[in-house]
Amino acid sequence: MKVRISLFLAMLSLVFVIGCDNNKNIVSQAALYPLPSTQLEIAVVGDNPFEKIKNVNYAQKSLEEITAVENNTFDGLIITKEYFSEAVKQEYKDFFSNITYPVFFIGTENLLTNVFHDNRLTLETAKIGGFGANVSGFVKTNGKIQEWGLFLPDNPTETDKNHDMILRITNIIESFKINHK
């Protein structure tokens with residue numbers, strides 16, 4: 001009987017020690033969001049909130065400049081919140097409805113990005129009350145709209161908002177460039 005109790009207590013101790021292991025697998029930021037490995041040209045409408053990173057060239061442009069060029073050589077487009085009211089104009093909705101490279105909108109926590117390509121929506125009717133992604137993007141591919149929503153973690157740091165966010169965006173743009181061109 002004492003042997004059984006001793007064996008039971010030993011097994012219980014092992015379960016407790018193994019079950020309460022406090023080691024966590026920590027993944028480095030570089031593994032989560034690697035730097036782009038191919039050269040990317042990204043047009044930016046508005047003030048560029050992101051730092052310079054390897055293999056990424058930013059080109060400050062206006063919406064008018066972006067839509068005027070028929071064969072844009074950009075791999076992606078970023079539009080900041082200050083230009084949303086201009087970007088929902090019909091001439092730009094037509095452009096976004098047929099865009100062939102990813103476009104990302106910074107600051108979309110309160111907005112459905114469908115407003116930029118759906119004629120039925122306005123900035124007022126597309127409001128969603130603060131539970132949207134911090135950055136939203138889309139591209140038209142194979143006749144369909146492919147969308148992305150990039151959320152911030154709880155209690156985000158400046159690194160989460162800037163460095164990590166641009167790496168997340170560039171990873172999507174790079175993947176799209178590799179797989180669709």
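As the structure is a computational prediction, the values presented were derived from the model and not from experiment. Below, each value reflects all heavy atoms present in this structure, side chains not excepted, and no hydrogens, waters or symmetry copies.
Q60 places a side-chain N or O within 3.5 Å of a backbone atom of G46 that can act as its donor or acceptor partner. Of the possible donor and acceptor atoms, one in the side chain of T108 sits under 3.5 Å from a partner among the backbone N and O of A133.
In this structure, CG in L77 is found 8.5 Å from CD1 in I173, a value given to the nearest 0.5 Å. Distance CD/Q39 to CG/N57: 4.5 Å, rounded to 0.5 Å. Remark: I172 CD1 to K177 NZ distance equals 16.0 Å, nearest 0.5 Å. N134 contributes atom CG, which lies 7.0 Å from atom CD1 of I106 (distance to the nearest 0.5 angstrom). With rounding to the nearest 0.5 angstrom, the CG atom of L112 is 9.5 Å from the CG atom of D118.
Under a hydrophobic clustering in which Ile, Leu, Val, Met, Phe, Trp and Tyr are joined whenever their side-chain heavy atoms come within less than 4.5 Å, directly or via other members, F151 and M165 fall into different clusters. Transitive grouping of hydrophobic side chains (ILVMFWY, heavy atoms separated by less than 4.5 Å) keeps I128 and F116 in distinct clusters.
Within a 6.0 Å sphere centred on OH of Y83, other residues, nucleotides and ligands contribute 12 heavy atoms or fewer. In K52, the NZ atom is crowded: over 12 heavy atoms of neighbouring residues, nucleotides or ligands sit closer than 6.0 Å. In N98, the CG atom is crowded: over 12 heavy atoms of neighbouring residues, nucleotides or ligands sit closer than 6.0 Å. Around the CD atom of E64, the shell of radius 6.0 Å holds no more than 12 heavy atoms that belong to other residues, nucleotides or ligands.
For the residue pair E51 and N162, no side-chain donor N or O sits within less than 3.5 Å of a side-chain acceptor on the partner. Side-chain contact of T38 with E174: a donor-acceptor pair under 3.5 Å is present, judged by distance alone. Between the side chains of S97 and D94, no donor-acceptor pair of N or O atoms lies under 3.5 Å. For the residue pair N171 and S175, no side-chain donor N or O sits within less than 3.5 Å of a side-chain acceptor on the partner.
Residues K140 and I145 share a closest heavy-atom pair of CB-CD1, 4.0 Å.
In summary, E158 and K161 engage in a salt bridge, as defined by a charged side-chain N under 4.0 Å from a carboxylate O. By the 4.0 Å N-to-carboxylate-O rule, E86 lies too far from K89 to be salt-bridged with it.
Between F138 and H117, the angle of the ring planes goes over 60°, which puts this pair in the perpendicular group of the 30/60° scheme. Ring-plane geometry between F96 and Y92 is classed as tilted, the angle between the planes lying from 30 to 60 degrees on a 0 to 90 degree scale.
The salt bridge (charged side-chain N to carboxylate O under 4.0 Å, His left out) search around K81 returns none, not counting sequence neighbours. T113 is linked by a side-chain hydrogen bond (donor to acceptor under 3.5 Å, both in side chains) to nothing, counting only residues two or more places apart in sequence or in another chain.
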